[in-house]
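Report on the structure given below.
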Amino acid sequence: MQANLINKNTNEVKHVKVGFSWTECFFGFWPAFFRGDWKWLLIILLVDIALGVFTWGGGSFLINLIFAFFYNKFYVKDLIEKGFEPSDEGDYHTLVAQGYIEPNTRFGGSNFNNNQSSSNVTTDASLEELEKLKKLLDDGTITQEEFDAKKKKY
């Protein structure tokens, strides 16, 4: 599974993997190196060296296996802290489903809502509100201008 993150300030797009990192499992610190993720490169490399020296490489493999479950999540969270955000609603829902971001997280230019698609979908609640407004208009309680203004909200 993957998602696209975009930095609206720099227009930089990152294609990120979501879930278990097979490359981290088999290649250790190299995925972080090729991504330019210097923080996690140093952390993984130091832990690999520290445990690998004492266990003739066995500890290094174990650490890489453990990091494989978490590295992609760490990488995405670091990118979000640097100003990246999901490029569309599908990417947003992918990140929410995998626990990378909290539901209803707001981003600078995007407002992704879990309950509603990006197109204007009329919900039952807004339909009821419109019916109430129409009744108020028919009764003469509100004017046509007030009705039109409030109708635009729904």
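As the structure is a prediction and not an experimental result, all values here were calculated from the model.
- Partners of D139 according to the salt bridge (charged side-chain N to carboxylate O under 4.0 Å, His left out) rule, which considers only residues two or more places apart in sequence or in another chain, do not exist here.
- In this structure the side chain of E85 never reaches within 4.5 angstrom of the side chain of Y92, judged on heavy atoms.
- For the pair Y75 and E24, the minimum side-chain heavy-atom distance is 4.5 Å or more.
- At a threshold of 4.5 Å between side-chain heavy atoms, the hydrophobic network of Ile, Leu, Val, Met, Phe, Trp and Tyr places F61 and F54 in two separate groups.
- T23 is not listed as a side-chain neighbour of F34, based on a closest heavy-atom distance of 4.5 Å or more.
- At a threshold of 4.5 Å between non-hydrogen side-chain atoms, the residues T94 and Y100 do not count as touching.
- Here F27 pairs with nothing under the ring pair (Phe, Tyr, Trp, His ring centres under 6.0 Å) rule; sequence neighbours left out.
- Counting heavy atoms from C-beta on, the side chains of I80 and F107 come closer than 4.5 Å.
- Contact of the L95 side chain with the V18 side chain is registered, since non-hydrogen atoms from C-beta on lie closer than 4.5 Å.
- Using a cut-off of 4.0 Å between Lys/Arg side-chain N and Asp/Glu carboxylate O, K134 and D138 are scored as salt-bridged.
- Cluster annotation: L65 is connected to F70 through the hydrophobic network of ILVMFWY side chains, with a link wherever side-chain heavy atoms come within less than 4.5 Å.
- For the residue pair N7 and K82, the shortest heavy atom distance occurs at ND2-O, 3.6 Å.
- Between E102 and V96, the shortest heavy-atom contact is O-CG2, 4.1 Å.
- Two residues are said to be in side-chain contact when any heavy atoms from C-beta on lie closer than 4.5 Å; D48 and N64 meet this criterion.
- The side-chain contact (heavy atoms from CB on, under 4.5 Å) test with V53 singles out one residue from L51, I49, T55, and that residue is I49.
- Between atom NZ of residue K14 and atom CD1 of residue I6 there is a gap of 12.5 Å, rounded to the nearest 0.5 Å.
- Under a hydrophobic-cluster definition in which Ile, Leu, Val, Met, Phe, Trp and Tyr are linked whenever side-chain heavy atoms come within less than 4.5 Å, directly or via other members, I66 and V47 are assigned to the same cluster.
- A parallel orientation is assigned to the rings of W40 and F74, their planes being inclined by less than 30° (bins at 30° and 60°).
- The two atoms that bring D91 and A3 nearest to each other are OD1-CA, 3.5 Å, heavy atoms only.
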